[in-house]
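Order of the sequence lines fixes the chain letters, A, B, ..., with proteins taken first and strands second; residue numbering starts at 1 for each chain.
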Amino acid sequence: MKLLYFAWLRQRIGVTEETVTLPGDISTVGSLLTWLQGRSDAHATALADLSVVRVAVNQDYARAADPVSDDDEVALFPPVTGG
Amino acid sequence: MKLLYFAWLRQRIGVTEETVTLPGDISTVGSLLTWLQGRSDAHATALADLSVVRVAVNQDYARAADPVSDDDEVALFPPVTGG
Amino acid sequence: MVRVQRDDIDVGAELAAMTSGNHRIGGVATFIGTMRDLSDGQSVAAMTLEHYPGMTEKQLEAIEQEANTRWALEASLIVHRYGRFLPGDRIVFVATAAPHRQAALESCAFLIDWLKTKAPFWKLEETNDGARWVDARDSDDAATARWGQTPK
Amino acid sequence: MVRVQRDDIDVGAELAAMTSGNHRIGGVATFIGTMRDLSDGQSVAAMTLEHYPGMTEKQLEAIEQEANTRWALEASLIVHRYGRFLPGDRIVFVATAAPHRQAALESCAFLIDWLKTKAPFWKLEETNDGARWVDARDSDDAATARWGQTPK
């Protein structure tokens with residue numbers, strides 16, 4: 001799975017993107033986020049408050065129950081502040 | 001009083017503007033309109049249906065009960081179709 | 001600012017002049033009215049817009065002032081043309097600028113709704129059947145009514 | 001049409017290209033978002049707008065399509081910039097054209113409300129206290145909510 005990070009999530013995690021291989025029991029956005037929290041101290045800090053984390057799967061907004069797989073591009077970012 | 005006509009009212013009455021001296025009993029927009037209806041056949045035709053006649057006194061919209069005097073600039077025109 | 005003119009409207013230049021150097025502006029809403037080649041189902045080759053010089057400016061200034069009372073605007077502009085128009089020509093330009101977008105969007109809609117029903121302009125359309133004066137539209141009155149009481 | 005670009009936006013040229021030769025257009029509504037020198041009460045010297053290339057275009061195209069489904073538009077355009085901005089700089093330009101003004105005004109407001117809450121952009125402001133990421137505004141979510149369900 002290709003993971004992308006934006007804005008302060010990118011800064012806190014310290015990388016723009018990374019490629020991961022999902023354990024077999026990770027199949028939803030929600031379980032992915034929980035798993036990523038344990039990936040490093042930086043991930044744990046950046047993802048401590050999931051209420052300010054938004055997720056896009058293959059460039060569409062996704063919710064906790066939506067499915068993910070190794071073939072997906074998943075982006076994590078704060079609430080958007082465009083325009 | 002200076003009278004101005006616009007759009008099809010101007011065309012039907014046949015003049016752009018005219019100056020009139022009001023009889024003593026004409027003191028409101030409503031009585032002015034009735035009086036003007038009797039001024040000529042052209043006026044009578046143009047002002048036959050007062051529901052499509054709008055009036056401005058000194059360049060502000062006015063209603064039937066509003067006062068008029070010889071010092072005023074009074075304009076008669078159809079409902080506006082601007083913009 | 002209010003202007004009534006025969007000349008065309010340079011939207012880019014008007015916007016630049018209106019907003020230049022004002023860094024409190026976060027949003028500018030504009031509306032440009034243009035001439036359609038179809039009116040009430042009939043083809044229109046050209047149109048002449050007659051107005052009431054003096055009253056037009058007076059009424060436009062009053063409504064611009066009203067918009068600035070209702071919304072905290074940084075700048076506002078109404079440019080209305082008169083004369084003869086061909087399809088595609090710009091007729092009217094309204095622009096409002098504010099720190100946040102809601103005030104700009106609402107006041108721009110307010111001004112153009114008002115212009116359509118209260119500004120003393122009359123359209124004479126040239127069709128295959130000859131020239132005809134355009135009737136006022138009830139839908140325009142309804143659009144203006146939702147803003148409540150405005151200056152006479 | 002949708003464009004995401006670093007370059008400045010030439011509003012006059014964009015409008016001309018969008019409406020040229022289309023004589024069915026009676027009204028064009030636009031919104032221009034510009035950079036303010038004040039944010040949450042603090043002076044802002046500059047701002048960098050980061051975005052998610054690919055998703056931005058995909059989402060803008062989806063919402064433009066949604067606007068064209070809800071309103072009978074003759075043309076629509078969204079141009080959103082990214083990169084570093086100074087106060088007064090144009091950030092985003094939305095324009096919608098329709099036979100009558102109501103469709104143009106409403107769809108323009110719809111698009112900019114959506115852009116503010118769903119387009120994947122993030123603002124990094126440079127203040128005297130250093131750089132800070134801008135928090136999302138609840139009022140923006142409320143503005144979008146009034147349009148009901150939109151594409152995810």
Side-chain angles (χ1 to χ4, degrees), chain C residues 9-16 18-39 43-45 74-75 85-102 104-106 108-113 115-116 137 139-140 142-143 146, chain D residues 9-16 18-39 43-45 74-75 85-102 104-106 108-113 115-116 137 139-140 142-143 146:
Chain C
I9 301 161
D10 183 336
V11 170
E14 296 287 359
L15 281 173
M18 179 179 142
T19 61
S20 178
N22 184 340
H23 296 166
R24 294 180 302 279
I25 297 173
V28 184
T30 80
F31 180 84
I32 303 153
T34 53
M35 187 189 153
R36 298 171 63 215
D37 60 9
L38 198 75
S39 173
S43 177
V44 183
E74 288 292 334
F85 297 86
L86 299 176
D89 283 354
R90 280 173 283 266
I91 301 169
V92 60
F93 177 63
V94 173
T96 52
H100 298 288
R101 75 183 181 288
Q102 220 54 46
L105 290 166
E106 287 178 14
C108 180
F110 167 81
L111 286 174
I112 190 67
D113 280 349
L115 281 171
K116 289 271 182 179
R137 299 170 64 94
S139 64
D140 285 331
R146 73 189 168 98
Chain D
I9 301 161
D10 183 336
V11 170
E14 296 288 358
L15 281 172
M18 179 179 142
T19 61
S20 178
N22 185 338
H23 296 166
R24 295 181 302 279
I25 297 174
V28 184
T30 80
F31 181 85
I32 303 153
T34 53
M35 187 189 153
R36 300 171 62 215
D37 61 8
L38 198 75
S39 173
S43 178
V44 183
E74 288 292 335
F85 298 85
L86 299 176
D89 283 353
R90 281 174 283 266
I91 300 169
V92 61
F93 177 63
V94 173
T96 53
H100 297 288
R101 75 184 181 287
Q102 220 53 45
L105 291 167
E106 287 178 13
C108 180
F110 168 80
L111 286 174
I112 190 67
D113 279 351
L115 280 172
K116 288 271 182 179
R137 297 170 65 97
S139 63
D140 285 331
R146 75 191 168 97

* To do: Measure Glu14(C) against the heavy atoms of chain D and call it side chain, backbone, both or neither at under 4.5 Å.
  => neither

* Where does Asp113(C) contact chain D at under 4.5 Å (heavy atoms): side chain, backbone, both or neither? -> both

* To do: Could you pull out all residues at least two apart from Ser39(C) that satisfy side chain to side chain contact (heavy atoms under 4.5 Å, CB included)?
  => Val44(C), Glu125(C), Arg132(C)

* Asked: What distance do Arg101(C) atom CZ and Cys108(D) atom SG have between them, rounded to the nearest 0.5 Å?
  -> 11.0 Å

* Specify which of His23(C), Glu106(C), Met35(C), Lys116(C) makes the most heavy-atom pairs with chain D at under 4.5 Å. => His23(C)

* **chain C-proximal positions within residues 25-32 of chain D [heavy-atom distance under 4.5 Å]** => Ile25(D), Gly26(D), Gly27(D), Val28(D), Ala29(D), Thr30(D), Phe31(D), Ile32(D)

* Looking only at non-hydrogen atoms, find the nearest pair between Arg24(C) and Arg36(D) and report the distance. => O-NE, 3.5 Å

* Structure fact -> Ordered numerically, the heavy-atom neighbours of chain C under 4.5 Å found in residues 88-97 of chain D are Gly88(D)

* Structural part of Ile112(C) lying under 4.5 Å from a heavy atom of chain D -> both

* Among Ala13(C), Pro87(C), Gly33(C), which has the most heavy-atom pairs under 4.5 Å with chain D? -> Pro87(C)

* Residues two or more places apart in sequence or in another chain: which of them pass side-chain hydrogen bond (donor to acceptor under 3.5 Å, both in side chains) with Asn22(D)? -> Glu74(D)

* Structure fact -> Highest number of heavy-atom pairs under 4.5 Å with chain C among Ser20(D), Pro99(D), Gly21(D) belongs to Pro99(D)

* Steps toward side chain to side chain contact (heavy atoms under 4.5 Å, CB included) verdict (Thr34(C), Thr19(D)) -> CA-CA 10 Å; Thr34(C) 53; Thr19(D) 61; over 6 Å; no

